[in-house]
Amino acid sequence: MSATVRILACGAIDRGDDAAALLAVRRLPAATRRAARIEEVGQLSAEHLLGPAGDRTVVVDCVHGIPPGSILELPLAELPAVEASFPVTSTHGLSPGGAVGLAAALGTIGPRDRFLGIGGESFGAGDRPSPAVADHLGELVARLIRLAQGAAEVDEPCA
Amino acid sequence: MTATEQLHFEVSQLTRVEGEGSLDLTVAADGSVAAQLRIFEAPRYFERLVVGRTPDEVLDIVARICGICPVAYQMSAVHAFESLFEVQIDPAVRLLRRLLYCGEWIESHALHIYLLHAPDYLGYASALELAADHRAVVERGLRLKQLGNRIIGIVGGRAIHPVSVRVGGFSRAPRRTDLEPLRPLLEEAIIAAQETVSWVAGLEMPSFDREPRLVALRHASEYPMTDGRITSNDGIDLAPGEWGETFHEVQVPWSHALQARAADEVPYLLGPTARLALSADRLHPLAEAALAATGFTPEALRRNLFLSIVARAVELLHAVAEAADIVGGYVPPARPAEPWTPRAGTAAWATEAPRGLLFHRYQVDDAGAVRAAQIVPPTSQNQAAIEHDLELFAPAVVDLPHAEATLRLEQLIRAYDPCISCATHFLRLRVERSP
């Protein structure tokens with residue numbers, strides 16, 4: 001049986017650039033939407049990463065601290081280390097890197113899982129995405145399509 | 001400790017609690033202990049934010065007070081408004097609200113048991129460390145939490161800060177087919193919750209014997225959740241809107257959260273331990289059997305706060321079992337919400353949040369707009385009991401190495417499952433201006 005790609009889109013639709021991931025998955029073409037399992041999860045938690053064995057996961061989110069509109073892609077397992085280089089603090093839940101770290105400790109993420117981010121600069125309540133993010137949203141969508149197709153290609157021989 | 005020595009214990013940043021606070025505890029040379037739970041998280045002004053808003057807007061706003069217990073805020077508010085407007089909700093809507101609340105109890109209790117509290121009893125500093133050695137245990141906790149969130153998502157419209165609760169009912173009631181996928185998950189979760197009860201009952205927990213005053217709702221026939229009377233183990237008995245008849249809020253200089261006191265100023269304990277001690281006879285049969293199998297009596301749980309993890313696990317099982325019953329017998333309401341007409345007056349109600357009694361009171365004008373609000377979360381009310389318990393518990397640990405004693409004191413606070421962010425919503429600003 002072919003494994004599915006799960007796309008976990010993080011963010012809030014009404015918080016400026018934080019909507020980027022949600023807008024990107026909503027713009028995916030129908031074929032990609034049928035092939036992938038798309039979940040809009042708001043804030044990433046470790047339980048979101050308890051997917052069925054064999055699934056490949058792509059976490060997509062807006063990232064603060066890189067140039068606005070720039071695209072960042074890396075193995076999901078590297079997110080905690082990357083995040084550690086930024087001043088991340090929260091007393092209200094695990095950060096995305098913390099959630100991934102907990103999932104890694106549980107062995108529920110693998111080497112094929114990816115993180116895809118777009119740099120953001122404006123996160124105000126009720127704001128629209130900044131021009132930098134709006135201008136590069138197409139690039140984020142294209143990268144997501146490639147990642148979803150990559151999963152299918154990898155799984156073809158096993159189908 | 002010598003007769004002339006003063007000891008000071010400080011936890012500058014409490015960890016594995018919701019929100020930002022610290023502990024300052026001093027043992028004087030004469031042995032007297034003074035504990036201050038310093039809540040320095042900034043005030044959040046929700047009581048002002050709802051002024052001028054309609055009841056349905058209030059339901060969306062108060063849900064934002066907490067990402068873990070938003071349903072509780074919606075439930076206390078919606079019942080307050082419905083009580084004032086004399087809205088009779090459909091029995092199916094009432095069951096849906098209990099299902100929604102069960103979802104919140106499941107995710108909140110699973111979070112605290114597995115990720116925040118259990119590491120204390122297994123010698124780990126964090127859930128990450130616990131997960132490395134007890135993978136199956138942590139995964140079981142996360143799956144229970146995931147199920148709770150899923151229930152809230154289906155009934156409430158989204159898992160965090162749900163949006164479907166409305167005065168008179170819901171904006172949309174789920175169809176039977178919407179709830180059907182929950183059935184097999186709940187059957188599995190009953191087993192996981194039963195395993196949780198037996199697992200936590202086997203943990204080695206510190207001894208701590210004291211006689212707390214307990215306050216919780218008590219319902220005529222159900223385990224307390226959305227309604228019932230405000231009761232205590234020493235005779236308090238109030239309608240759910242009459243909290244202010246016996247209790248009041250006070251401000252202490254070291255906390256951004258108001259504290260609460262009974263009229264006699266005696267601190268009181270809210271939450272799973274209080275509910276279970278006052279309503280053990282209302283537990284779901286599966287939860288009652290699981291509690292009996294642990295060998296712990298409600299009396300034993302009541303006297304030692306460190307056993308609160310057992311009470312919380314029993315309630316977790318109760319919530320899963322009740323959710324399974326509701327889903328199994330679900331018949332959608334004839335219409336999602338009853339019509340209602342606003343009227344001026346005082347809307348007040350209390351429900352049982354995962355952490356205990358949550359009281360709301362609103363002054364409403366003729367048009368239905370809120371003119372004043374009072375929101376009294378459980379952590380606010382538990383603050384005085386936490387400080388009192390710290391003062392009682394400290395003598396047993398002050399002779400331990402300083403770091404060990406400090407850790408034990410912090411563990412006592414965590415046993416309360418405080419949600420500091422919930423507690424700091426008040427508005428009591430004094431602005432001094434120079435002439």
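Computed from a predicted structure; not experimentally measured. Hydrogens, waters and symmetry mates are skipped; everything else that's a heavy atom, side chains included, is used. Chain letters run A, B, ... following the sequence lines, proteins first, then strands; residues in each count from 1.
Partner A:Glu47 forms a side-chain contact (heavy atoms from CB on, under 4.5 Å) with one of B:Glu107, B:Arg150, B:Lys145 and no other, that one being B:Lys145.
Residue contact with chain A, scored on non-hydrogen atoms closer than 4.5 Å, is absent for B:Asp133. Residue B:Ile160: no heavy atom, backbone or side chain, is found under 4.5 Å from chain A.
Along residues 136-144 of chain B, the residues that come nearer than 4.5 angstrom to chain A, judged on non-hydrogen atoms, are B:Val138, B:Glu139, B:Leu142, B:Arg143 in order of number. For residues 97-109 of chain A, a heavy-atom distance under 4.5 Å to chain B picks out A:Gly98, A:Gly101, A:Leu102, A:Ala105, A:Leu106, A:Gly107, A:Thr108, given by residue number.
Under a cut-off of 6.0 angstrom, the local environment of CZ in A:Arg128 is sparse, with at most 12 non-hydrogen atoms contributed by other residues, nucleotides or ligands. For B:Arg53, the CZ atom is loosely surrounded, since the number of other residues' heavy atoms within 6.0 Å does not exceed 12.
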